[in-house]
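Computation of the quantities below employed the complete heavy-atom set of this structure, encompassing side-chain atoms and omitting hydrogens, waters and symmetry-equivalent molecules. Just so we're on the same page: letters track the sequence lines, and every chain starts at 1.
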Protein chains: 2
Amino acid sequence: MRISEAAARSGLKVDTIRYYEAQRLVPNVVRGSDGHRRFSPENVDWLTLLYWLRETGMPMKVMQRFAALYAQGDATILDRKSILLDHSRLLAKRRDDLDRCDEILARKLEIYEEYLQ
Amino acid sequence: MRISEAAARSGLKVDTIRYYEAQRLVPNVVRGSDGHRRFSPENVDWLTLLYWLRETGMPMKVMQRFAALYAQGDATILDRKSILLDHSRLLAKRRDDLDRCDEILARKLEIYEEYLQ
DNA sequence: TCTTGACCTAAAGTTACTCAAGGCCGGTAT
DNA sequence: ATACCGGCCTTGAGTAACTTTAGGTCAAGA
């Protein structure tokens with residue numbers, strides 16, 4: 001499929017996909033005879049994963065390492081697993097941050113209410 | 001107190017505090033006779049709030065609006081309240097994103113396990 | 001007295017996009 | 001046939017939010 005559809009399906013913007021490809025984050029993207037990118041379902045799966053990893057704060061450098069491993073095939077699955085497990089610990093930390101921030105907001109809003117009534 | 005202590009207490013870096021002040025995000029910071037910044041407990045409270053708002057993804061522009069209102073005093077509490085309520089909706093969205101990402105990671109890890117055993 | 005450490009400013013550098021300029025190409029309306 | 005449109009292409013500049021660097025002041029300790 002073409003880039004606009006890959007964007008719609010993955011969540012990433014067209015520009016971001018091109019940028020990610022230039023940064024070697026998206027292996028195996030082939031071109032049609034017109035020079036346009038053609039995305040396979042596997043490509044789109046990968047882009048979708050990148051979208052969620054970025055959305056939840058994985059740094060570019062880690063994504064690059066992850067993509068390099070992915071490009072090397074199944075022999076790197078153990079390494080990729082450990083990257084995803086690390087990221088899942090980061091998700092837990094972020095959830096804690098959200099809880100902490102919620103508390104702080106609740107306290108502030110309480111103080112505002114005192115002023116308001 | 002001095003800037004390094006304000007940084008330690010708020011969570012922000014020294015450099016970020018200076019940058020935020022330059023961006024008018026931190027009202028009422030006074031200087032000592034040596035030209036150094038002096039932070040009151042109220043300043044530090046404010047910085048801590050900024051730290052958590054940033055940490056949970058509030059854009060700079062919103063922080064600027066929020067800080068401008070804060071600088072104008074109690075008459076703006078209703079507006080500030082609505083900014084914090086908006087942000088708290090954003091927190092909910094982010095929690096959903098984390099859950100969605102967790103699911104995706106779990107599926108990937110499951111696939112990896114199949115390869116690994 | 002000399003140096004160390006914490007502070008200061010202004011300006012350049014970095015990250016991760018994002019947008020703009022300019023161009024190619026296939027399809028459709030005139 | 002030709003004019004125009006939308007979607008793709010590349011390169012390069014622009015942006016946001018810091019972060020680092022360069023260069024300087026000043027008080028206190030060895």
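Base engagement by A:Arg18 is indicated by at least one non-hydrogen atom pair under 4.0 Å involving a base atom. B:Arg37 comes within 4.0 angstrom of sugar-phosphate atoms only, judged by non-hydrogen atoms across all strands, and of no base. Within 4.0 Å (heavy atoms only), A:Arg38 reaches no atom of the nucleic acid at all.
When the P atom of C:dC17 is taken as reference, atom NZ of A:Lys61 falls 14 Å away, rounded to whole Å. When rounded to the nearest whole Å, the span between CG of A:Leu53 and P of C:dC17 equals 12 Å. Here C:dA16 presents its C1' atom at 13 Å from CG of A:Leu12, a figure rounded to the nearest Å. If you measure from atom OH of B:Tyr19 to atom P of C:dA10, you get 15 Å, rounded to the nearest angstrom. Rounded to an integer number of Å, the gap from B:Ile17 CD1 to C:dA6 C1' is 14 Å.
OP1 or OP2 of C:dC7 has at least one side-chain nitrogen or oxygen of B:Ser4 nearer than 4.0 Å. Taking only side-chain nitrogens and oxygens, B:Arg2 never comes nearer than 4.0 Å to OP1 or OP2 of C:dA6.
With salt bridges taken as basic N to acidic carboxylate O contacts below 4.0 Å, one links A:Asp102 and B:Arg95. The residues B:Asp97 and B:Arg100 are annotated as not salt-bridged, no charged nitrogen and carboxylate oxygen being separated by less than 4.0 angstrom. Using a cutoff of 4.0 Å between basic side-chain nitrogens and carboxylate oxygens, B:Arg107 and A:Asp45 are not scored as salt-bridged. Under a 4.0 Å N-O distance rule, the pair A:Arg89/A:Asp86 qualifies as a salt bridge.
Of the inter-residue distances, the one linking A:Ile3 atom CD1 with A:Arg37 atom CZ reads 5.0 Å to the nearest 0.5 angstrom.
Both B:Glu21 and A:Thr16 sit near DNA chain C, but only B:Glu21 has its closest nucleotide nearer the 5' end.
Of the possible polar contacts, none joining the B:Ser88 side chain to the B:Leu84 backbone as a donor-acceptor pair under 3.5 Å is found.
Of all nucleotides in DNA chain D, those with any atom nearer than 4.0 Å to a heavy atom of chain B start and finish, going 5' to 3', at D:dA16 to D:dT20.
B:Arg24 and B:Ala67 make their closest contact through O-CB, 3.7 Å (heavy atoms, listed as atom of the first residue, atom of the second, distance). Residues A:Leu12 and A:Leu47 come closest through the heavy atom pair CD1-O, 3.6 Å.
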Between the protein and nucleotides 20-26 of chain C, which nitrogen or oxygen pairs come in under 3.5 angstrom?
none

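In summary, the side chains of A:Ser40 and A:Asn43 do present a donor paired with an acceptor at a separation below 3.5 Å, with no hydrogens or angles considered.
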